[in-house]
S.K.: 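Structure provided below as structure tokens; questions to follow.
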Amino acid sequence: MEIDGFLRIEHKYNLYHLDVDGVQPWMYYRFKFWNYQICKDLLSLSNTLQKKSKLHRLGKQLKSALRIILNSNIRQAHKADIIFYAHPRRIKTDSYYECIYTDCLLDRYPQSIVFEEPFQNQHLTPIKASHIYYTDLFQIRAALYSRIQRHLKTPKYQRIYTQIQKAFEEPLKEIGFTYGVPVSCDKTCADLTEIVLEIRILRKELKKVFEKIQPRLIVEVVYYNKRCMILNELAKEKGIPTIELQHGTMHAAHAAYQFPDGCGVISQFPDYVFVFSEYWKKCAHLPIADERIKVTGYPYFERQLNQYRKDSCETNGVKNIIFVSQGTIGGELSCLASELCDLLDETKYHIIYKLHPGEYVGWRDRNTNLLKRNIEVIDSLEHNIYEFFSMCSIQVGVYSTAIYEGLGFGLTTYIYDIGHADTLAELCQQGYAVYVRNAEELYAHIIADETNPKDCGNAFWKMNALENICEEIEHLLIEGTDNENTDSDSRQRRI
């Protein structure tokens, strides 16, 4: 779905900088709003998650709250040069769970600490990082406070709600009209009010820890996480540089990486973005200068590519086909896999269905169509997707980052034309992949024994990634030290 109209309206009403009670709530909400209100039907987001009873959810929340109280340690954080904000969805590597974006940097920078939030109400252990601090306590305190205020409709809540309603009513109507979708002004304003209340608590708590740590640099993954955005605000106030490491695809309809020209400085956005290759740099329209978008590569992918070299894509003469799933389109993709399974000769083809980690829980109840003899479902962090890339000759997906990784392994690639598959149009136009609309069309391509007409080479991944990233980090640390010395000299001269 084209995002230009959305960006135009945001810019027209200056939503990025609209301040309510000391908070700019739209920046904390726009990604969720775009996906769950404007693109909801396109992505089938309402149907992707397994529905749980209220009793089940309450039990999970109470269990999570008890764990947080017992294990919270963020207030114990000590002084460090770098804060790494890790991705909580860790991957099993040997006997440890690894943040595949930041862990490779920890040995290079021992004077650093790691922040992490929970993934599916838990922190995966054991890990190698020794100085890790969990943000859970701050999150639950802020969430409880804001939700209680919303539930009770306190005077503070009503005051902020009135301000937000006055400021956002017109732009919300215009967005709804532009995209022809129903936008609930009441719900959106209530959500934004809750965000203001939540951010105020989170910022207060994180500021105390931030001042205790006194970092020289922040390296984060998924900047549009609320905690990362607050850290970016705090860092800008202190003149401390912030870096986001690319963690997934960037495309023309990814709201987090699309901004209009002239939007000004976005306080919640990182100062630098390190991308996988020149290709990704062209996919994003960011509110920072072009020279601050650094092409560095992806160390983890490079390591896996070197480790899992392709030997044979067949097992006893049977070709392996991998389906790369995601929560947003898992229901429809599983149907395609099931229908293709019925068409294929199981003596010649075998289907491997790789669930996204967010789909692991409850998939047998949710996707009964995958319970077939010739479909092998991967539903555990014990398994590495790159192992399966090395075993397969064909991949099928919609718009996952893993599609590009599979191309790096030389897989013939088919894109199921649903959801946000339009974001891979350029990939297909350039000859790296082929769109398919149904199982019959996919089957016809497969039995024709096609191969990718174009080798992607290093189009999506710059090599020597770890050294590239470290070189840029060193430059920023040295530059920061020079600035500190200059400031010190200036202060002495003034005295």
S.K.: Parallel, tilted or perpendicular: which describes the rings of Tyr223 and Tyr257, with under 30° parallel and over 60° perpendicular?
M.R.: perpendicular

S.K.: So Tyr101 and His87, would you call those rings parallel, tilted or perpendicular, with 30° and 60° as cut-offs?
M.R.: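 Because their plane-to-plane angle lies in the 30° to 60° range, the rings of Tyr101 and His87 count as tilted.
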
S.K.: Do Tyr404 and Thr249 pair up side chain to side chain, a donor and an acceptor below 3.5 Å, judged on atom types alone?
M.R.: no

S.K.: Locate the shortest heavy-atom distance separating Ala77 from Lys212; write the atom from each residue and the value.
M.R.: O-CE, 3.1 Å

S.K.: Measure centre to centre between the rings of Tyr16 and Trp26, then say whether the value is under 6.0 Å.
M.R.: no

S.K.: Please report the shortest heavy-atom distance between Ile288 and Pro270, naming the atom on each side.
M.R.: CG2-O, 3.6 Å

S.K.: Quick check with a 6.0 Å cut-off and a 45 degree axis cone: is Lys226 positioned over the face of Tyr28's six-membered ring?
M.R.: no

S.K.: Please determine, by modelled atom types, if Ser325 and Glu359 share a side-chain donor-acceptor pair under 3.5 angstrom.
M.R.: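 The answer is yes; a qualifying pair exists.
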
S.K.: Counting only heavy atoms from other residues, nucleotides and ligands, does the tally under 6.0 Å from CZ of Arg150 exceed 12?
M.R.: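 Yes, CZ of Arg150 has more than 12 neighbouring heavy atoms, counting only those of other groups under 6.0 Å.
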
S.K.: Is it true that Glu117 and Asn225 share a donor-acceptor pair across their side chains at a distance under 3.5 Å?
M.R.: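 On atom types as modelled, these side chains qualify, holding a pair under 3.5 Å.
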
S.K.: If we check side chain to side chain contact (heavy atoms under 4.5 Å, CB included) with Glu198, which of these qualifies: Val196, Ile201, Leu202?
M.R.: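 So the option named by the test is Leu202.
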
S.K.: What is the ring orientation for Trp461 with Tyr298, classed by angle as parallel under 30°, tilted 30 to 60°, or perpendicular over 60°?
M.R.: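 Rings of Trp461 and Tyr298: tilted, 30 to 60°.
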
S.K.: Just checking, is any N or O donor in the side chain of Glu220 or Asn232 under 3.5 Å from an acceptor N or O on the other one?
M.R.: yes

S.K.: Going by distance alone, is a donor N or O of one side chain under 3.5 Å from an acceptor N or O of the other, for Glu376 and His350?
M.R.: yes

S.K.: Which label fits Tyr386 and Phe389: parallel for a plane angle under 30°, tilted from 30 to 60°, or perpendicular past 60°?
M.R.: perpendicular

S.K.: Take atom OH in Tyr96; do more than 12 heavy atoms of anything else shown fall under 6.0 Å from it?
M.R.: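 Incorrect, the count does not exceed 12.
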
S.K.: Identify the heavy atoms of Arg292 and Asp271 that sit nearest to each other, and give their distance.
M.R.: CD-O, 3.3 Å

S.K.: My understanding is that only residues two or more places apart in sequence, or in another chain, count here; which of them pass side-chain contact (heavy atoms from CB on, under 4.5 Å) with Glu98?
M.R.: Thr93, Asp103, Tyr300, Arg303

S.K.: Checking Asp261 against His11 for the side chain to side chain donor-acceptor pair (under 3.5 Å) test, could you report, in this order, the C-alpha distance in whole Å, the side-chain angles of both residues, the deciding distance, and whether it holds?
M.R.: CA-CA 9 Å; Asp261 291 332; His11 190 38; over 6 Å; no

S.K.: For Glu387, look at atom CD and say whether over 12 heavy atoms of other residues, nucleotides or ligands are found less than 6.0 Å away.
M.R.: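 Yes.
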
S.K.: Salt bridge (charged side-chain N to carboxylate O under 4.0 Å, His left out): which pairs involve residues 14-39, sequence neighbours left out?
M.R.: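 Non-adjacent pairs meeting salt bridge (charged side-chain N to carboxylate O under 4.0 Å, His left out): Glu10-Arg30, Asp21-Arg159, Asp21-Arg200.
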
S.K.: How about His254 and His420: are their ring centroids closer than 6.0 Å?
M.R.: no

S.K.: Can you find a side-chain donor-acceptor pair between Tyr109 and Glu474 that sits under 3.5 Å?
M.R.: yes

S.K.: Can you say whether the rings of Phe269 and Phe259 are parallel (under 30°), tilted (30 to 60°) or perpendicular (over 60°)?
M.R.: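 Perpendicular.
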
S.K.: Checking side chain to side chain donor-acceptor pair (under 3.5 Å) for the pair His251/Asp422: CA distance, chi angles, key distance, verdict?
M.R.: CA-CA 10 Å; His251 53 73; Asp422 59 322; over 6 Å; no

S.K.: Between side-chain atoms of residues 272-279 and protein atoms elsewhere (two or more places apart, or another chain), which donor-acceptor pairs fall under 3.5 Å?
M.R.:
residue : atom : partner : partner atom : Å
Ser277  : OG   : Tyr279  : N            : 3.2
Ser277  : OG   : Ala459  : O            : 2.9
Ser277  : OG   : Phe460  : O            : 3.4

S.K.: Determine, stepwise, if the pair Gln37 / Thr188 fulfils side chain to side chain donor-acceptor pair (under 3.5 Å).
M.R.: CA-CA 10 Å; Gln37 294 209 44; Thr188 302; 3.1 Å; yes

S.K.: Could you tell me whether the side chains of Tyr29 and Asp191 share a donor-acceptor contact shorter than 3.5 Å?
M.R.: yes

S.K.: Are Gln326 and Ser400 linked by a side-chain donor-acceptor pair shorter than 3.5 Å?
M.R.: no

S.K.: Check the side chains of Thr328 and Tyr399 for a donor-acceptor pair under 3.5 angstrom, ignoring hydrogens and angles.
M.R.: yes

